[in-house]
Student: 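Sharing a structure, written as structure tokens. Questions coming.
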Amino acid sequence: MPCNDTTSKITVRLDSDDRLTGCDFTKLTCNKTVGGETGYLEQCTGFSAEDILKIGFQEALDQLNSENTENQFLLYLEWDALRTSIAQYLGKMEDVNPERHQIVSIAHDENGVTITQAIQPPETMPKIVSCRQRERSDQSG
């Protein structure tokens, strides 16, 4: 079961056209490091920063078809970390809590931009509606 005492770190790499070229996500909890391995970060590789910001959590959940609660929790942490680090980099602060999402560094070189962000634990998780529940709602509505 996911724990509440999480702190995460993400390193985002964008090319000179602001397209995602790589990403490293780590959730630090209970003195153990747990890497984000949901497939979401790999799926976003090659997307523009603007396109990544358009992906809602439910859309990410649907695309990866994850029904396991722990995987959904890790997916939420990855989704939140990636989009808020990019949002801060682009100056789009409307969905960013600067007390929770803290840019550690932004570095530019010949390969593009590297953004490192530390993220404090979320206060609440978004409501997750399973695929089966959505199918039943769609059929009855």
Side-chain angles (χ1 to χ4, degrees), residues 1-138 140-141:
M1 189 67 182
C3 60
N4 294 341
D5 61 342
T6 62
T7 298
S8 4
K9 178 181 132 181
I10 190 165
T11 301
V12 177
R13 290 175 296 285
L14 303 172
D15 66 14
S16 58
D17 294 323
D18 283 344
R19 293 193 170 280
L20 184 67
T21 59
C23 203
D24 298 311
F25 175 80
T26 305
K27 181 176 84 80
L28 305 168
T29 182
C30 309
N31 296 322
K32 295 180 183 176
T33 300
V34 180
E37 298 172 357
T38 66
Y40 178 69
L41 301 175
E42 293 81 7
Q43 183 176 325
C44 290
T45 299
F47 285 27
S48 72
E50 291 287 344
D51 287 342
I52 290 169
L53 291 180
K54 294 175 186 173
I55 300 170
F57 177 62
Q58 192 62 54
E59 181 182 347
L61 196 59
D62 291 345
Q63 290 173 354
L64 293 167
N65 203 18
S66 178
E67 300 250 348
N68 175 295
T69 304
E70 188 167 339
N71 287 344
Q72 291 173 351
F73 177 72
L74 290 171
L75 174 59
Y76 175 76
L77 293 177
E78 289 179 355
W79 172 84
D80 179 63
L82 180 59
R83 71 187 310 277
T84 57
S85 59
I86 289 173
Q88 284 182 308
Y89 168 69
L90 296 176
K92 298 184 176 201
M93 300 295 290
E94 48 276 353
D95 292 330
V96 177
N97 175 347
E99 292 177 17
R100 188 170 162 253
H101 306 99
Q102 301 167 355
I103 292 292
V104 175
S105 66
I106 298 176
H108 296 264
D109 63 22
E110 64 277 354
N111 297 318
V113 178
T114 302
I115 307 160
T116 303
Q117 179 189 52
I119 306 104
Q120 299 301 312
E123 289 183 28
T124 59
M125 285 287 295
K127 184 175 181 186
I128 297 172
V129 179
S130 74
C131 295
R132 282 183 230 129
Q133 282 182 307
R134 278 195 309 269
E135 286 174 9
R136 283 192 291 250
S137 293
D138 291 344
S140 65

Student: Can you name the closest pair of heavy atoms from Phe57 and Gln72 and give their distance?
Tutor: CZ-O, 3.9 Å
Student: According to salt bridge (Lys or Arg N to Asp or Glu O under 4.0 Å), who are the partners of Asp15, at least two apart in sequence or on a separate chain?
Tutor: none
Student: Contact between Met93 and Gln88 at the side-chain level, heavy atoms closer than 4.5 Å - yes or no?
Tutor: yes
Student: With side chains defined as the heavy atoms from C-beta onward, is the minimum distance between Ile55 and Leu53 less than 4.5 Å?
Tutor: no
Student: Minimum heavy-atom separation for Gly22 to Leu20, with atom names?
Tutor: O-CD1, 3.3 Å
Student: May I ask you to test the Thr114-Val12 pair for a side-chain heavy-atom distance under 4.5 Å?
Tutor: no
Student: Side chains of Asp18 and Tyr89: does their closest heavy-atom pair fall under 4.5 Å?
Tutor: yes
Student: Could you tell me which residues satisfy salt bridge (Lys or Arg N to Asp or Glu O under 4.0 Å) with Arg13, sequence neighbours excluded, listed by chain and number?
Tutor: Asp24
Student: Measure the CG-CZ distance between Leu90 and Arg83 for me, rounded to the nearest 0.5 Å.
Tutor: 11.5 Å
Student: Tabulate below the donor-acceptor pairs under 3.5 Å that side-chain atoms of residues 94-104 make, not counting sequence neighbours, or state none.
Tutor:
residue, atom, partner, partner atom, Å
Asn97, OD1, Glu99, N, 2.9
Asn97, OD1, Arg100, N, 3.4
Arg100, NE, Gln120, O, 2.7
Arg100, NE, Pro121, O, 3.1
Arg100, NH1, Asp80, OD2, 3.0
Arg100, NH2, Asp80, OD2, 3.1
Arg100, NH2, Gln120, O, 3.3
His101, ND1, Asn97, N, 3.2
His101, ND1, Asn97, O, 3.2
His101, NE2, Asp80, OD1, 3.4
His101, NE2, Asp80, OD2, 3.1
Gln102, NE2, Glu99, O, 3.0

Student: With sequence neighbours excluded, tell me which residues meet side chain to side chain donor-acceptor pair (under 3.5 Å) with Ser16.
Tutor: none
Student: For Glu50, what residues pass the salt bridge (Lys or Arg N to Asp or Glu O under 4.0 Å) criterion, not counting sequence neighbours?
Tutor: Lys92
